[in-house]
Asks: 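Mind looking over this structure? Questions follow.
Start at 1 with the first residue, then count along the sequence.
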Amino acid sequence: MALKLEMQGQTYGPFVNEYTARDVMLFALGCGAGSDGKTDLDYVYEKQLKVLPIFAATQIVDAEVTKTIDYGFNWGGSLHWGFDLHIHQPLPINPGKLTTKVLLKGLFDRGEGRGCLAQHIGETFDEAGTKLFTNESWDCALYDGGFGGPKAPQDIVEIPDREPDFEIEQDIPLNQALIYRLSGDDHPQHVDWEYAQEFGHPKPNLHGVSTAGVACRHVIQAMFPGEPERLTRFKTRLTKSLYPGCRVKTQIWKWSDNCVHFRVADAKEPDTFYLNFGLVEWK
């Protein structure tokens, strides 16, 4: 199927969504909160419930959005490539209706056999019209490269050539993808073994936002524990498929007073990086 290049530059939506405290807790469970029965319970316990900030990504990384902005890519080769999330206002627990409009800013050619990169920019507002967050999200359609499009702009976050200032390890439960998909990303590659193997995966892989959610929790835990509302930016690249059952290690480097750079490595294979070129800012 040919890519629908004419869809570039168009804005889609509005996509209207509502969430409750229960949705916030389910999302956090899908990002590994409380997997040991005691860590990060404030994301999953209503007593003093807080929103894991990367929850904002669900307003654009969503089945309805993806199916609406179908630019003709092969679904079997679709992978989340990365995102840059800017939070303008702390996320409320029960916000009422949220409205998101999404711009398909561009389609970029990585070449035959390497895929097409799609850049989406979503802006989300509350019922009063206040902009809550902006999400620049990138997807890679592995089987749709070589169409003659432009190359994607270079945008790399530097990872220091020294030992990390902080490292936090965590096991990824075997059922984490099954939990996370209940938050709205129901692509079969995360649950269907036959489907995953048909498209080159040994078994279902973990959602990119779920992996990033683990890193988001770890950075908050290391830098401003118990205050997720302080986070203002979260940026990362997804560089390798992660399969539940492994143990990961989030490596964190201080960059300035209110900024760190990070990556997520395999705890047993330290040269394998699931997330890389990560950046977190807070106030």
Asks: Once ring-ring contact (aromatic ring centres under 6.0 Å, His included) is applied, do any residues pair with Y19, and if so which ones, sequence neighbours excluded?
Replies: F55
Asks: Kindly indicate whether the side chain of D62, heavy atoms from C-beta on, has any atom under 4.5 Å from the side chain of D185.
Replies: no
Asks: Can you tell if the side chain of R22 reaches within under 4.5 Å of the side chain of L26, non-hydrogen atoms only?
Replies: no
Asks: Donor-acceptor pair, distance only, cut-off 3.5 Å: does the side chain of Q8 make one with the backbone of L107?
Replies: yes
Asks: Quick one, H120 with E136, criterion side chain to side chain donor-acceptor pair (under 3.5 Å). Give me CA distance, side-chain angles, the key distance, then yes/no.
Replies: CA-CA 6 Å; H120 303 81; E136 178 183 358; over 6 Å; no
Asks: Under 4.0 Å between a Lys/Arg side-chain N and an Asp/Glu carboxylate O for R237 and D84?
Replies: no
Asks: Taking the side chain as every heavy atom from C-beta outward, state whether V248 and L242 have any pair of such atoms under 4.5 Å apart.
Replies: yes
Asks: Assess the residue pair Y243 and H201 against the criterion (side chain to side chain donor-acceptor pair (under 3.5 Å)); give the C-alpha distance rounded to whole Å, side-chain angles, the decisive distance to 0.1 Å, and a yes or no.
Replies: CA-CA 9 Å; Y243 300 99; H201 298 280; 2.9 Å; yes
Asks: Verify the ring-centre separation between F147 and F108: is it less than 6.0 angstrom?
Replies: no
Asks: In Å and rounded to the nearest 0.5 Å, what is the CZ to OG1 distance from F125 to T100?
Replies: 9.0 Å
Asks: For Y274, check ring-ring contact (aromatic ring centres under 6.0 Å, His included) against everything at least two apart and list the hits.
Replies: none
Asks: Does E6, at its CD atom, have more than 12 non-hydrogen atoms belonging to other residues, nucleotides or ligands within less than 6.0 Å?
Replies: yes
Asks: Looking just at side-chain N and O atoms, do H261 and E158 make a donor-acceptor pair shorter than 3.5 Å?
Replies: no
Asks: Check T99 against P14 and note the closest heavy-atom contact, atom names and distance.
Replies: CG2-CB, 3.4 Å
Asks: Rounded at 0.5 Å granularity, tell me how far CG in D109 sits from CG in L5.
Replies: 9.5 Å
Asks: Do C116 and L3 come close enough that some side-chain heavy atom pair is under 4.5 Å?
Replies: yes
Asks: Side chains of Q189 and N205: any donor to acceptor distance under 3.5 Å?
Replies: yes
Asks: Apply side-chain contact (heavy atoms from CB on, under 4.5 Å) to F262 and T236, showing your working.
Replies: CA-CA 8 Å; F262 74 90; T236 193; 3.9 Å; yes
Asks: May I have the step-by-step check of side-chain contact (heavy atoms from CB on, under 4.5 Å) for I60 and F15, ending in yes or no?
Replies: CA-CA 9 Å; I60 180 172; F15 301 95; over 6 Å; no
Asks: Report the distance from atom SG of C246 to atom CD1 of I172, rounding to the nearest 0.5 Å.
Replies: 5.5 Å
Asks: Do the side chains of L117 and Y71 join up, straight or via other hydrophobic residues, at under 4.5 Å, putting them in one cluster?
Replies: no
Asks: Where is the tightest heavy-atom contact between F27 and S183, given as atom of each residue plus distance?
Replies: CA-OG, 3.5 Å
Asks: What distance do Q176 atom CD and R181 atom CZ have between them, rounded to the nearest 0.5 Å?
Replies: 14.5 Å
Asks: Report yes if the side chains of F234 and L279 come closer than 4.5 Å at any heavy-atom pair, otherwise no.
Replies: no
Asks: Please walk me through it: do E169 and R247 pass side-chain contact (heavy atoms from CB on, under 4.5 Å)?
Replies: CA-CA 7 Å; E169 294 191 17; R247 185 172 180 83; 2.7 Å; yes
Asks: Determine whether H80 and V209 satisfy the following criterion, side-chain contact (heavy atoms from CB on, under 4.5 Å), listing intermediate values before the conclusion.
Replies: CA-CA 8 Å; H80 199 180; V209 176; 3.8 Å; yes
Asks: In Å and rounded to the nearest 0.5 Å, what is the CG to NZ distance from D126 to K97?
Replies: 13.5 Å
Asks: Would the Y195 and H187 ring centres measure less than 6.0 Å apart?
Replies: yes
Asks: Can you name the closest pair of heavy atoms from A215 and V264 and give their distance?
Replies: CB-CG2, 3.7 Å
Asks: Would you indicate whether the side-chain heavy atoms of T250 and I252 approach each other to under 4.5 Å?
Replies: yes
Asks: Give a yes or no answer on whether the side chain of D171 reaches the backbone of P173 with a donor-acceptor pair at less than 3.5 Å.
Replies: no
Asks: Is there a path of hydrophobic side-chain contacts, each under 4.5 Å between heavy atoms, that joins Y45 and L52?
Replies: no
Asks: Considering only heavy atoms from C-beta outward, does the side chain of Q221 approach that of T39 to under 4.5 Å?
Replies: yes
Asks: Step by step, work out the salt bridge (charged side-chain N to carboxylate O under 4.0 Å, His left out) result for K235 and D155.
Replies: CA-CA 11 Å; K235 177 179 180 178; D155 183 18; 2.6 Å; yes
Asks: Do the side chains of L29 and Y43 get nearer than 4.5 Å, heavy atoms only?
Replies: no
Asks: Return the minimal non-hydrogen interatomic distance between A265 and F273, and the atom names on each side.
Replies: CB-CD2, 3.7 Å
Asks: With sequence neighbours excluded, tell me which residues meet ring-ring contact (aromatic ring centres under 6.0 Å, His included) with W253.
Replies: none
Asks: Would you find more than 12 non-hydrogen atoms of other residues, nucleotides or ligands less than 6.0 Å from R162 atom CZ?
Replies: yes
Asks: Is there a path from L238 to L79 through hydrophobic residues (I, L, V, M, F, W, Y) whose side chains come within less than 4.5 Å of each other?
Replies: yes
Asks: So, H88 and T134: side-chain donor and acceptor under 3.5 Å apart, yes or no?
Replies: yes
Asks: Nearest 0.5 Å, what's the NZ-CD distance between K283 and E227?
Replies: 11.0 Å
Asks: Using the rule that Ile, Leu, Val, Met, Phe, Trp and Tyr join whenever any side-chain heavy atoms are under 4.5 Å apart, tell me whether L104 and I121 fall into a single cluster.
Replies: no
Asks: Is the distance between the ring centroids of H207 and Y180 less than 6.0 Å?
Replies: yes
Asks: Determine the minimum heavy-atom distance between P53 and I87, stating which atoms define it.
Replies: CB-CD1, 3.6 Å
Asks: Give me the atom names and distance for the closest heavy-atom approach of P228 to K50.
Replies: CD-CD, 3.5 Å
Asks: Would you mind checking if K254 and D257 are paired as a salt bridge, meaning a charged N to carboxylate O distance below 4.0 Å?
Replies: no
Asks: Would V65 end up clustered with W75 when hydrophobic side chains under 4.5 Å apart are linked, directly or stepwise?
Replies: yes
